[in-house]
Enquirer: 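This is the structure I want to talk about, given as structure tokens.
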Amino acid sequence: MADADVHFYFDPVCPFCWMTSKWVRIVQEQRGYQVDWRFISLRLVNAEVDYDAHFPPEYEAGHTAGLRLLRVAARARAEHGRDSVARLYAAMGSRIFDREPAGDAEDPGYRGTREFVEPVLAEAGLPNELAEALDDDGRDAEIRAETDEALSLTGKDVGTPILHFEPPTGVAFFGPVISRLPDAEQALELWDHVVGLAGFPGFAELKRSLRERPQLRALGVGEDDVGVQEDWHGGSRRQKR
């Protein structure tokens, strides 16, 4: 999307990425921005990492499911256009994070199955046959190239999401990481502050590793609740040894 105002690089299984995307959609609706939803795979970012040594036990299955879902998104983009990715990510994120977990849905690996993705495709108005891409590792080269593209804009010590403002010449940053969803007015105010920081020459980072658990039903935090504060050292709660 050559005329996009923002490139948003997402992994569908990242809760903070989902929260930021919901904020961006609120801004997009009010400002009329064009957003190009692009891919970054946490599984490929951590391809050389020993998951057992560095992450909580559910992370490998979750990140692998995210890669499988991105394969579906890549096929959707190829066959149904870039706008289909916006609908598909919205349906994925809503089903993963905005509903109470139940049964198999509590297993991070379940998100990478046909049973999970077929209702998502239906919600996004896309054909069931796209689910065949879940096992198509031939699409991983495309996803890796886009992941590398995102990291080339920010450096490697980041997580998801990555936002590229006013591409191709504008600046890109990891985040912002938010745990509470702003209302319409707050969303615009936050946007203008973030863009103001991003546009200042030489600005590089503003960061803390303490985060509230996001206001997402799947994480047990309601829209009017404040999540418990956790230390996401290393950006992903890596286990210190």
Side-chain angles (χ1 to χ4, degrees), residues 1 4-42 62-63 65-102 105 108 110-131 133-134 139 143 146 150 159-164 175-184 186-188 190-191 214-219 221-223:
M1 189 179 295
D5 299 290
V6 180
H7 291 170
F8 190 114
Y9 296 85
F10 72 94
D11 186 304
V13 300
C14 174
F16 290 103
C17 191
W18 175 239
M19 283 294 294
T20 303
S21 77
K22 291 167 72 170
W23 162 65
V24 167
R25 290 178 193 268
I26 294 172
V27 175
Q28 181 183 18
E29 183 176 352
Q30 297 182 82
R31 294 273 176 89
Y33 292 144
Q34 293 292 321
V35 179
D36 189 13
W37 302 90
R38 299 191 174 205
F39 310 143
I40 179 171
S41 167
L42 291 169
H63 287 179
L67 173 58
R68 290 168 63 81
L69 292 176
L70 286 176
R71 292 170 180 168
V72 176
R75 178 170 172 181
R77 185 170 68 182
E79 297 182 5
H80 299 276
R82 304 189 81 87
D83 289 344
S84 69
V85 180
R87 304 196 310 274
L88 185 56
Y89 181 34
M92 287 176 178
S94 177
R95 190 166 290 265
I96 292 171
F97 296 114
D98 292 339
R99 304 183 184 189
E100 301 290 346
Y110 172 75
R111 300 165 184 168
T113 66
R114 289 189 71 113
E115 184 180 0
F116 172 84
V117 83
E118 287 182 352
V120 169
L121 289 166
E123 185 177 340
L126 294 166
N128 264 2
E129 65 189 38
L130 295 183
L134 287 166
R139 300 199 175 267
I143 298 167
E146 213 144 285
T160 55
I162 289 174
L163 272 66
H164 188 186
V177 175
I178 58 175
S179 295
R180 306 183 196 184
L181 188 64
D183 61 28
Q186 292 171 330
L188 292 180
L190 177 58
W191 178 268
Q215 290 175 326
L216 299 172
R217 292 171 62 186
L219 302 184
V221 185
E223 293 178 0

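Residues take their numbers from the sequence shown, with the count starting at 1.
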Enquirer: Tell me the closest heavy-atom pair linking Pro119 and Glu115, and the distance in Å.
Expert: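 Residues Pro119 and Glu115, closest heavy atoms: CD-O, 3.2 Å.
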Enquirer: Please name the pair of heavy atoms, one in Val117 and one in Ala131, separated by the smallest distance, quoted to 0.1 Å.
Expert: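 Closest heavy-atom pair between Val117 and Ala131: CG1-CB, 3.6 Å.
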Enquirer: With rounding to the nearest 0.5 angstrom, report the CD to CG distance, Gln34 to Asp83.
Expert: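 It comes to 7.5 Å.
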Enquirer: Could you pull out all residues at least two apart from Gln28 that satisfy side-chain hydrogen bond (donor to acceptor under 3.5 Å, both in side chains)?
Expert: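 Scan of Gln28 (side-chain hydrogen bond (donor to acceptor under 3.5 Å, both in side chains), adjacent residues dropped) gives none.
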Enquirer: Please evaluate residues Phe10 and Phe39 with respect to the criterion side chain to side chain contact (heavy atoms under 4.5 Å, CB included), reporting the C-alpha separation (whole Å), side-chain torsions for both, the decisive distance (0.1 Å), and the verdict.
Expert: CA-CA 5 Å; Phe10 72 94; Phe39 310 143; 4.0 Å; yes
Enquirer: Working to the nearest 0.5 Å, report the span between CZ of Arg114 and CG of Leu121.
Expert: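 Rounded to the nearest 0.5 Å, the CZ-CG separation comes to 9.0 Å.
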Enquirer: Drop me the distance from Arg217's CZ to Ser94's OG, to the nearest 0.5 angstrom.
Expert: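 One gets 9.0 Å once the value is rounded to the nearest 0.5 Å.
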Enquirer: Within this structure, what is the CZ-CG distance for the pair Arg99 and Leu216, rounded to the nearest 0.5 Å?
Expert: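 Taking CZ in Arg99 and CG in Leu216, the distance rounds to 13.5 Å.
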Enquirer: How would you list all residue pairs meeting salt bridge (Lys or Arg N to Asp or Glu O under 4.0 Å) that involve residues 12-27, not counting sequence neighbours?
Expert: Lys22-Asp98
Enquirer: Hey, mind stepping through Ile26 and Leu181 against side chain to side chain contact (heavy atoms under 4.5 Å, CB included) and telling me if it holds?
Expert: CA-CA 10 Å; Ile26 294 172; Leu181 188 64; 4.0 Å; yes
Enquirer: Measure across Arg68 and Gly112 and return the closest heavy-atom pair with its distance rounded to 0.1 Å.
Expert: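 Of all heavy-atom pairs spanning Arg68 and Gly112, the closest is NE-O, 2.7 Å.
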Enquirer: Can you check whether Leu130 reaches His80 side chain to side chain, under 4.5 Å on heavy atoms?
Expert: yes
Enquirer: I'd like to know whether Asp11 forms a side chain to side chain contact (heavy atoms under 4.5 Å, CB included) with Cys17, so could you lay out the CA-CA distance, the side-chain angles of the two residues, the decisive distance to 0.1 Å, and finally the verdict.
Expert: CA-CA 7 Å; Asp11 186 304; Cys17 191; 5.5 Å; no
Enquirer: Is there a side-chain contact between Pro161 and Trp18 in this structure, where contact means two heavy atoms from C-beta onward sitting under 4.5 Å apart?
Expert: no
Enquirer: Should Gln186 and Arg180 count as side-chain neighbours, where that means a heavy-atom distance under 4.5 Å?
Expert: no
Enquirer: Report yes or no: does Ser84 contribute a side-chain atom to a donor-acceptor pair with the main-chain N or O of Ala76 at less than 3.5 Å?
Expert: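 Yes, the answer is positive, given that a donor and an acceptor are paired below the 3.5 Å cut-off.
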Enquirer: To the nearest 0.5 Å, how far apart are CZ in Arg139 and CG in Leu70?
Expert: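 One finds 12.0 Å between CZ of Arg139 and CG of Leu70.
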Enquirer: Determine whether Ile96 and Leu69 make a side-chain contact, defined as any pair of heavy atoms from C-beta on separated by less than 4.5 Å.
Expert: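 Contact flag for Ile96/Leu69 side chains = yes.
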Enquirer: Nearest heavy-atom pair of Pro214 and Pro15: which atoms, and what distance?
Expert: CG-CB, 4.4 Å
Enquirer: Indicate the atoms forming the closest heavy-atom contact of Arg71 with Leu134, along with that distance.
Expert: NH1-O, 2.7 Å
Enquirer: Using the six-membered ring of Tyr89, assess whether NZ or CZ of Arg77 lies under 6.0 Å from its centre and within 45 degrees of the ring axis.
Expert: no
Enquirer: Taking atom CD of Glu146 and atom CD1 of Ile162, what is their separation to the nearest 0.5 Å?
Expert: 11.5 Å
Enquirer: Would you call the rings of Trp37 and Phe8 parallel, tilted or perpendicular, taking 30° and 60° as the class edges?
Expert: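 Ring orientation of Trp37 relative to Phe8: tilted.
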Enquirer: Side chains of Val27 and Leu188: closer than 4.5 Å at any heavy-atom pair?
Expert: yes
Enquirer: How close do Met92 and Pro12 get, heavy atom to heavy atom, and via which atoms?
Expert: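 Shortest heavy-atom contact: SD-CB, 3.8 Å.
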Enquirer: Just to verify, what does Leu190 make a side chain to side chain contact (heavy atoms under 4.5 Å, CB included) with, not counting sequence neighbours?
Expert: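 Applying side chain to side chain contact (heavy atoms under 4.5 Å, CB included) to Leu190 gives Trp23, Ile178, Val194.
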Enquirer: Indicate yes or no for a side-chain donor-acceptor contact from Thr113 to the backbone of Tyr110 under 3.5 Å, with no hydrogens or angles considered.
Expert: yes
Enquirer: Does atom CD of Glu29 have more than 12 heavy-atom neighbours, drawn from other residues, nucleotides or ligands, at distances under 6.0 Å?
Expert: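 Counting other residues, nucleotides and ligands, CD of Glu29 stays at 12 neighbours or fewer.
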Enquirer: Side chain to side chain contact (heavy atoms under 4.5 Å, CB included), that's the test. Do Val177 and Thr20 meet it? Break it down for me.
Expert: CA-CA 7 Å; Val177 175; Thr20 303; 5.6 Å; no
